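For the numbers below, each heavy atom of this structure counts, side chains included, while hydrogens, waters and symmetry mates do not. Quick caveat: nothing in here was measured; it's all calculated off a predicted structure.
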Amino acid sequence: TKILAMKSLEVEKNGLQEVVSAQNSSVESMNVAICATKSNLKIAQENLDAKCQQLEKLQTEVISYQEKIVRLENIIRAQEGKVETQEESLKAKSLLVQSLEKMIEGRETMISSQVF
């Protein structure tokens with residue numbers, strides 16, 4: 001019976017060793033999967049960082065373009081103001097010319113009436 005018990009323990013020991021070996025293999029597979037996941041996460045983080053840098057660059061460009069648009073709008077407003085001022089000046093000059101023409105006509109009339 002001792003021999004049977006010893007053989008039984010040895011079989012049980014071999015079975016447990018196989019279970020432990022299988023679990024070790026499973027743990028090793030999980031470690032490989034974890035390493036692959038970490039590597040994928042690192043790559044994903046690097047890609048995310050690169051995308052963030054691109055986004056920051058684009059935001060800077062957008063701000064720059066917005067500032068240029070504001071400057072151009074200000075220039076356009078200033079030019080419109082100049083045009084309005086020039087139009088008013090032309091109207092005033094036109095009225096002055098009309099006034100002078102009437103004055104000249106009046107003097108011509110006066111001169112021609114004095115001649116006769």
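Counting heavy atoms from C-beta on, the side chains of E61 and L58 come closer than 4.5 Å. Side chains of K51 and L55 form no contact here, defined as non-hydrogen atoms less than 4.5 Å apart. The shortest distance between side-chain heavy atoms of E28 and V32 does not fall below 4.5 Å. The side-chain heavy atoms of M6 and I3, taken from C-beta on, include no pair separated by under 4.5 Å.
Side-chain atoms of S113 come within 3.5 Å of backbone atoms of T109 as a donor-acceptor pair (strictly under, hydrogens ignored). T37 places a side-chain N or O within 3.5 Å of a backbone atom of A33 that can act as its donor or acceptor partner. Formation of a donor-acceptor pair under 3.5 Å by the S112 side chain with backbone atoms of E108 is found in this model. Although no hydrogens or angles enter the test, the distance criterion places a donor-acceptor pair under 3.5 Å between the side chain of T85 and the main chain of G81.
Distance CD/E46 to CG/L48: 11.0 Å, rounded to 0.5 Å. Residue C35 holds its SG atom at 11.0 Å from CG of N40, rounded to the nearest 0.5 Å. Interatomic distance, CG of L9 versus CG of N14, reported as 11.0 Å (0.5 Å rounding). Rounding to the nearest 0.5 Å places CZ of R107 at 9.5 Å from CG of L100. With rounding to the nearest 0.5 Å, the separation of SG in C52 from CG in N47 is 11.0 Å. Of the inter-residue distances, the one linking R71 atom CZ with I75 atom CD1 reads 8.0 Å to the nearest 0.5 angstrom.
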(request) Evaluate side chain to side chain contact (heavy atoms under 4.5 Å, CB included) for S64 paired with K68, printing each intermediate quantity in order. (result) CA-CA 6 Å; S64 173; K68 287 177 183 176; 3.8 Å; yes

(message) Does D49 form a side chain to side chain donor-acceptor pair (under 3.5 Å) with Q45? I'd like the steps, not just the answer.
(response) CA-CA 6 Å; D49 290 344; Q45 183 64 50; 2.9 Å; yes

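No more than 12 heavy atoms of other residues, nucleotides or ligands lie within 6.0 Å of CD in E10, so this atom counts as exposed by the packing criterion.
Contacts of R77 classified as side chain to side chain donor-acceptor pair (under 3.5 Å), with partners at least two apart in sequence or in another chain: N74.
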